[in-house]
Each structure stands twice: as C-alpha cells, then as structure tokens.
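So the structure is just underneath, and the comments pick up after that.
Atoms within a ligand are numbered from 1 in the order they appear, just like the ligands themselves.
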Amino acid sequence: MASDSLHVTDQAALEELKAFLRIPSISTLPEHADQVRLAANFVRDRLTAAGMQNVELIEAPGRHPLVYADWLHAPGKPTILFYGHYDVQPVDPLDEWLSPPFEPTVRGENIYARGATDDKGQTYIQIKAVERLMQSNQGKLPVNVRFLIEGEEESGGEHIEAFVASGDKRLQADAAIICDTEMFAPELPTLCVGLRGIIYGEIHVETAATDLHSGVYGGAAPNAIQAAAEVIAALKDRDGRIAVAGIYDRVTKPSDKEVAAWARLPFDENEYREKEVKVSALTGEPGLDVFERTWARPTFEVHGIRGGFVGEGAKTVIPARAVIKVSMRLVPDQRPEEIAALLSEAVRKAAPRGARAEFKLLHSAPPSLVDPDSPFLTKAAEVMTEVFGRETVYIRSGGSIPIVGTFNQHLGIPSVMMGFGLPDDNLHAPNEKFYLPNFFRGIDAVACYLTRLGS
Ligand code: BES
Ligand code: ZN
C-alpha cells in the first residue's frame, strides 16, 4: 500500500472510489441484482454529496436503475450531459486475480479491482470534477450539467435506450461527456471519435431429442457439438474474412485524412503483439493494418460453447444440443438489424446434415462516429493537451458504447469521449486496474473542460 508514494492529491477521493469498487455490481448475473442496486444508490448518494440537484433513480420493471441528477443554474451557458456506467463485467476466471476483484488493492501506482477503469473509476472522475468545481466556486458551476449513469452497459442497456428514446425533457443538452475509453498510450492524451457497434447473441444447435450413448449410436447419429464447430468454422475463413453473404456491403473505408492520422500514432506492431496482446501471432484480414482491422472492419467472435459433458471424469455421450455465444462488431455504415438477419440466414445454411442451427439475438448497438471538428471536441483536445502536456491524438476504438449512437440519434448531440484508461488496464479480464495518476488528471481535465466551456 504505497498510496502516499503516489501523487495522491486527494486521499478522500481514493477512499470513496474504493468503496464504489467494493460493490460487486455485475449486471449480467441475476443473482447480483441487489448489489447492482447498491452501486446505483452509491452513485445517487455521491451525486447528492457533490451538490447536484433532482437526484433520483429512474426505474423500469426488471431493469437496473438509471441514476439521474442535474444542476441547471448557469443561464446562457451550455448544458453538458455526463454519461457513465456503474455496472461491471463478470470476474471469472477468478483464480487468475492477484487480489480479489472486489477488494480494491493499490499496487504501485495502480488500483486493482473489477470496474477500476471500466467504468467506476472513470465515472467517479466525473462526479469528483463537478464536486470540486462546486466547492471552489461557492456552490456554482460554469455550465449546466446533467448526469445519466446506467447499470446495464455491460449487458445490453435496454433501459437507458428506451429512456433516451422516450424524449424525456430532462435530457436536453448540447453535448455528452463520456469517460469510458482508453488513451492510445501512457501519457498520450486521447479523444476517441469512433466506436464499433455490436450484435450479440447465441447460436442454438440441435441434433436429436436427447443425448445418446456414443458407443451404441456413434457412427450413425449426428453430434451437436461437432455440428456447432462446423457452423462456427463456416462463418469465418482461415484468413479472418467473415463468410456471411452481404456482410461487407455497407462497410465504409476510413477517410485518407483519418488513415494518415493513424499512421502518425506511435505504434510498433511487434511490441503490440508481444507486450499488449501477448500472443504468438496476430490474425485478421491480410493487407489491412491493425488499426483498420480493429477500428474499421467488422468482426465475428465466439465467446463460449455450452453443451455435452464438461464435468470432471469421463462420460460417453453424443450431445443433442449445443449453444454458442457469439458477437459481431459492426462498423460504419453497417446496421444491426440487417447484420443480424444476414447472420441468421448464414447460420441456418451452415448447419450440417442432421443438425438445426438458429441465431438468437440478445442485444445490439450501431457503430458511431463523432465529428472531430465539433467545437466540443476541439476544446476537449485543448484541455487534454494542457493537462497531459502533449498534443492530443484522435483515435477510434474497437469497443462499443451503445449510448453514443443513441445520444446522436435521439438527442442530436455529439459525445466527447475523454478516456483515461490505459491499454494494459485489463478491461473485462482478470486483474483489471486503473492507473491512479490518470484518475487525478482525469478529474483535472474534466473540471478544466467545464470551465473552458463556460468561459
Ligand atoms: N468501456 C467499454 C468500451 C470501450 C473499451 C471503449 C475500450 C473504448 C475502449 C465498455 O464498457 C464496454 O466494454 N462495452 C461493451 C458493450 C457491449 C456489451 C454492448 C463492449 O464493448 O463489449
Ligand atoms: Zn465501460
């Protein structure tokens, strides 16, 4: 615990963040619903303590609450909508964590815990920035602000999607600020101006009414897991090209200007492979560089296969059913509904003789691009450059933040994605961490940004 060796300017903020991180708010697991609610309450209470008004939980049946708050006493000034999420990803494989995922632990200059960077640490940056401005300015802010913090980002986000689409007056704003992305490299201030979309679902494969003895029927009966493997293998070729008819039809090339900017980013492919991804070989479509493959091309990924016998020991069975969790990342101008329909058709066709295969969509979000020339972006870049002392770079990210597209579509506002995560923060993986100096510089950057927007 070397927290005094850090440039910790605000021990209290760190302790509050730890309290937030101790709450196991895993939104996708129904047995964690009470914990998810505790995290919502935590956010509500911290927003109240920060001096925000009209703080409330917005409920919908069977959904995790949204936390809303506002402060609207800066007439004539812009209104900024803060977005973040208080839910986190599951923690398995648990035995790979060096300290338990919900016992936040400072090692060196990092704090380790599930949600440390994605997105509790970064959501807390926003709350502390507003609180600090309030405290240093007699309870006033330089701009009008609203908060909308959700608890289902990691598991589909239906509640916030419906709320934003409902046209609720509380969401009137000029721009959104989202702290839920990464910097391109340590010390390199970064704005994210593009995200991939996603369709996520399950492929259900069925070959028989019930499991069968593999000795008695092997050689005659189809096997659902074998069929599942054949379906997966049919959907992507060995070069990494997705073998779904029509899938690339709407894919647009990044502009020459954007590609040129990416080429100026400090990047060494070997180092990326060895130190960041830690794999023996990179894969993906030949002839396209890593930026294009991860930011501007669609993907097809398998996340898990359920079926057959997976316990200790041996059981000789031909499984009758298998379920494959899959997703595709989408890029401009692909449309989630169209892509889901194309995938469904391809899955049906890929089923081998004696097997039925069906794709069931769980959730989806469109890809999004933000105009880098919007004054909200250029001012953010100036502030990031000041705080980090280096020129701000603009990148895209291969991840998805569904609300960005929703804000654009229903509120007509740009999302300023000022992210403070680092490439080695282990998002969604064991030993997720947040680099604490970025927590404090994040607070500085957001506070400076609001001040800049108000002047
Ligand atoms: N914060 C991430 C997205 C992200 C990660 C953006 C890194 C930029 C850089 C976000 O919380 C996330 O993981 N979203 C999910 C969304 C999905 C479940 C709909 C994702 O991308 O898998
Ligand atoms: Zn996130």
* Structure fact -> Among V404, L195, D180, closest by heavy atom to atom 4 (C) of ligand 1 is D180
* Asked: Are a donor atom and an acceptor atom from the side chains of H428 and D118 found within less than 3.5 Å of each other?
  -> yes
* Using a heavy-atom cut-off of under 4.0 Å, does the side chain or the backbone of D118 touch ligand 1, or both, or neither? -> side chain
* atom 8 (C) of ligand 1 - nearest protein heavy atom and its distance -> S397 OG, 2.9 Å
* Asked: With a 6.0 Å cut-off on ring centres, are Y86 and F42 close enough?
  -> no
* To do: For residues Y83 and F147, establish whether the separation of their ring centroids is below 6.0 Å.
  => no
* Asked: Does T181 use its side chain to pair, donor to acceptor, with the backbone of C179 at less than 3.5 Å?
  -> no
* Asked: Nearest protein heavy-atom contact for atom 21 (O) of ligand 1: which residue, which atom, what distance?
  -> R329 NH1, 2.8 Å
* Which atom of D180 approaches the Zn ion (ligand 2) most closely (N/O/S) -> OD1
* To do: Mark up the atoms of ligand 1 that fall under 4.0 Å of a heavy atom belonging to T181, in ascending order.
  => 6 (C), 8 (C)
* To do: Please find out if the Zn ion (ligand 2) and some N, O or S atom of E154 are separated by less than 2.8 Å.
  => no
* Distance only, no hydrogens: is a donor on one side chain within 3.5 Å (strictly under) of an acceptor on the other, for S99 and R107? -> yes
* Report yes or no: do N431 and N426 form a side-chain donor-acceptor pair below 3.5 Å? => no
* With the Zn ion (ligand 2) as the point of reference, which N/O/S atom of D118 is the closest? -> OD1
* To do: For the Zn ion (ligand 2), decide whether D119 has an N, O or S atom at a distance under 2.8 Å.
  => no
* Atom name, H85 (N, O or S, nearest to the Zn ion (ligand 2)) -> NE2
* Show which atoms of ligand 1 fall inside a sub-4.0 Å distance from at least one heavy-atom site of P402. => 19 (C)
* Structure fact -> Quick look: H363 vs ligand 1, heavy-atom contacts under 4.0 Å, and the answer is side chain
* Asked: When you measure from atom 10 (C) of ligand 1 to every protein heavy atom, which one gives the shortest distance, and what is it?
  -> E153 OE2, 3.2 Å
* In a check of side-chain contact (heavy atoms from CB on, under 4.5 Å) between D425 and each of E432, K433, M183, which one passes? -> K433
* May I ask you to decide if the ring planes of H363 and Y200 are parallel, tilted or perpendicular, using 30° and 60° as cut-offs? => parallel
* Are F359 and H204 close enough that their ring centres sit under 6.0 Å apart? -> no
* To do: Quick one: look up the protein heavy atom nearest atom 14 (N) of ligand 1 and list residue, atom name and how far away it is.
  => S400 O, 2.9 Å
* Asked: Looking only at distance, does E182 have an N or O less than 3.5 Å from an N or O of ligand 1?
  -> no
* Would you say the side-chain atoms of S368 pair up with the backbone N or O of P366, donor to acceptor, closer than 3.5 Å? -> no
* Would you mind running through ligand 1 and noting each atom that sits below 4.0 Å from a heavy atom of H85? => 11 (O)
* To do: Give the residue, atom name and distance (to 0.1 Å) of the protein heavy atom nearest atom 7 (C) of ligand 1.
  => L427 CD1, 3.5 Å
* To do: Take Y435 and F420, measure what ring-ring contact (aromatic ring centres under 6.0 Å, His included) needs, and give me the verdict at the end.
  => CA-CA 8 Å; Y435 180 56; F420 304 99; over 10 Å; no
